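Worksheet: one structure, shown below.
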Amino acid sequence: MQKALITLGLIAILPCFANAQSPATPPHINISSEIDSGYIDNPGAAKVVFKHSWKLKDTAWLQLKFGEHTNLPRGSFLRLTGSLDMVQQRHDGASLMEWNMCSAAFNGDQIVLELIAGPNTKASRIKVQTIIRGLFNRSP
C-alpha cells in the first residue's frame with residue numbers, strides 16, 4: 001500500500017514566537033501591530049468584512065499573534081494566505097484558541113488576512129497584536 005505525502009507548504013506549524021525566549025527559536029523579530037477591524041455586524045450572507053495584507057521586505061516567514069479582543073462568533077472565521085506559495089489556513093474561534101491565538105508561520109514576505117463574517121452574525125472582530133517576522137539565517 002502506498003502512502004501519500006501531503007505538503008502544506010508552511011515552514012512548519014511553529015509555536016507562536018511572540019513571547020519565546022528559547023535559544024532554539026528561529027531568528028525573528030516581533031513587531032507590534034495596531035490592526036483592529038473593530039466589531040462588525042453582518043445582517044446578510046457570509047462575506048469578507050475585513051481584509052489586510054502585510055509585505056515585509058527581506059523576510060523569510062511571517063506569523064501573526066491575535067489579541068484577546070478577537071471575536072469569531074459561530075459561522076465567522078479567519079482566512080490567512082501566504083502569497084509566496086498560496087497556502088491557506090482557516091481559523092474559527094475554537095481553532096484559534098487551540099493555536100494559542102496564533103497563525104501558522106507562512107513562507108515568504110507577504111501574508112493576507114481576511115475576516116469572513118458568518119451569516120447574520122454580530123460583533124465579529126479581529127485584532128492583530130504582533131507580527132512575527134522570520135529572519136533569514138545568515139550562518140557562514
Side-chain angles (χ1 to χ4, degrees):
M1 177 177 6
Q2 257 185 324
K3 292 184 179 179
L5 176 64
I6 298 173
T7 303
L8 294 177
L10 302 176
I11 290 176
I13 299 174
L14 299 171
C16 197
F17 292 123
N19 297 314
Q21 300 297 321
S22 167
T25 303
H28 67 281
I29 54 175
N30 297 330
I31 303 167
S32 293
S33 173
E34 300 291 326
I35 301 301
D36 186 348
S37 68
Y39 290 106
I40 301 172
D41 295 340
N42 180 22
K47 64 181 178 180
V48 175
V49 294
F50 181 81
K51 183 175 182 177
H52 190 84
S53 65
W54 292 265
K55 183 167 178 65
L56 302 172
K57 188 178 177 187
D58 296 325
T59 299
W61 51 270
L62 287 168
Q63 185 176 33
L64 303 179
K65 170 79 174 166
F66 301 98
E68 65 183 70
H69 297 292
T70 293
N71 186 47
L72 298 172
R74 184 179 300 267
S76 295
F77 62 94
L78 303 177
R79 181 171 50 218
L80 297 110
T81 306
S83 298
L84 179 67
D85 45 21
M86 299 309 291
V87 170
Q88 291 189 332
Q89 181 182 38
R90 178 182 162 145
H91 272 306
D92 60 19
S95 68
L96 195 57
M97 293 298 287
E98 291 169 2
W99 278 68
N100 195 30
M101 300 298 283
C102 293
S103 74
F106 290 87
N107 291 319
D109 63 359
Q110 187 170 9
I111 188 171
V112 177
L113 168 68
E114 297 170 291
L115 169 58
I116 294 86
N120 304 308
T121 53
K122 292 188 181 291
S124 294
R125 181 180 184 185
I126 186 65
K127 182 162 179 40
V128 179
Q129 175 180 309
T130 307
I131 304 156
I132 304 156
R133 179 178 168 232
L135 304 174
F136 288 100
N137 189 355
R138 307 240 190 253
S139 306

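Computed from a predicted structure; not experimentally measured.
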The reported gap from CD1 in I131 to CG in L56 (rounded to nearest 0.5 angstrom) is 6.5 Å
Worksheet item: What class does the angle between the rings of H91 and W99 fall in, given that below 30° is parallel, 30 to 60° is tilted and above 60° is perpendicular?
Response: perpendicular
Side-chain donor-acceptor pairs of residues 46-55 under 3.5 Å, sequence neighbours excluded:
| from | atom 1 | to | atom 2 | distance (Å) |
| --- | --- | --- | --- | --- |
| K55 | NZ | D109 | OD1 | 3.3 |
| K55 | NZ | D109 | OD2 | 3.2 |

K122 side-chain N/O to P73 backbone N/O, donor-acceptor pair under 3.5 Å
no
Here the gap from E68 atom CD to K127 atom NZ, rounded to the nearest 0.5 Å, amounts to 9.0 Å
When rounded to the nearest 0.5 Å, the distance separating OG1 of T130 from CD1 of I29 is 12.0 Å
Sorted by chain and residue number, the side chain to side chain donor-acceptor pair (under 3.5 Å) partners of D92 (sequence neighbours excluded) come out as S95
### Message
When you measure from the side chain of R74 to the backbone of G93, do you find a donor-acceptor pair of N or O atoms at a distance under 3.5 Å?
### Response
no
For I132, is there any backbone N or O sitting under 3.5 Å from a side-chain donor or acceptor partner on N30?
no
Applying the 4.5 Å side-chain criterion to the ILVMFWY set and letting contacts propagate, would I35 and L96 be lumped into a single cluster? yes
Taken to the nearest 0.5 Å, the spacing of I126 CD1 from L113 CG works out to 5.5 Å
Nearest heavy-atom contact between T59 and R133 is OG1-NE, 2.6 Å
| Under a 4.5 Å side-chain heavy-atom rule over Ile, Leu, Val, Met, Phe, Trp and Tyr, are L62 and M101 clustered together? | yes
Sequence neighbours excluded, the answer for side chain to side chain donor-acceptor pair (under 3.5 Å) partners of T81 is Q88
So do L84 and F106 actually touch side chain to side chain, heavy atoms under 4.5 Å?
no
For W61 and A105, the nearest pair of non-hydrogen atoms, with its separation, is CE3-CB, 3.8 Å
Between L80 and S103 the two heavy atoms that sit nearest each other are CD2-CB, 3.9 Å
Quick one, N42 and S124 - any side-chain contact, counting heavy atoms below 4.5 Å? no
CG (L64) and CD1 (I111) are apart, to the nearest 0.5 Å, by 4.5 Å
Those residues at least two apart in sequence (or on a different chain) that pass side chain to side chain donor-acceptor pair (under 3.5 Å) with S83 are none
Closest heavy-atom pair, T121 versus A117, reported as atoms and distance to 0.1 Å, is OG1-CB, 3.8 Å
**Report entry** Donor-acceptor under 3.5 Å (S33 side chain, V128 main chain)
**Finding:** yes
Sorted by chain and number, sequence neighbours left out, salt bridge (Lys or Arg N to Asp or Glu O under 4.0 Å) with R125 holds for D36
Here the gap from N107 atom CG to D85 atom CG, rounded to the nearest 0.5 Å, amounts to 5.0 Å
Practice item. Say whether I31 and F66 are linked into one hydrophobic cluster, either directly or through other cluster members, by side-chain heavy-atom distances under 4.5 angstrom. Key: yes
Derivation and outcome, side chain to side chain contact (heavy atoms under 4.5 Å, CB included), residues R79 and V112 = CA-CA 8 Å; R79 181 171 50 218; V112 177; over 6 Å; no
Across all chains, not counting sequence neighbours, the side chain to side chain donor-acceptor pair (under 3.5 Å) partners of R90 are none
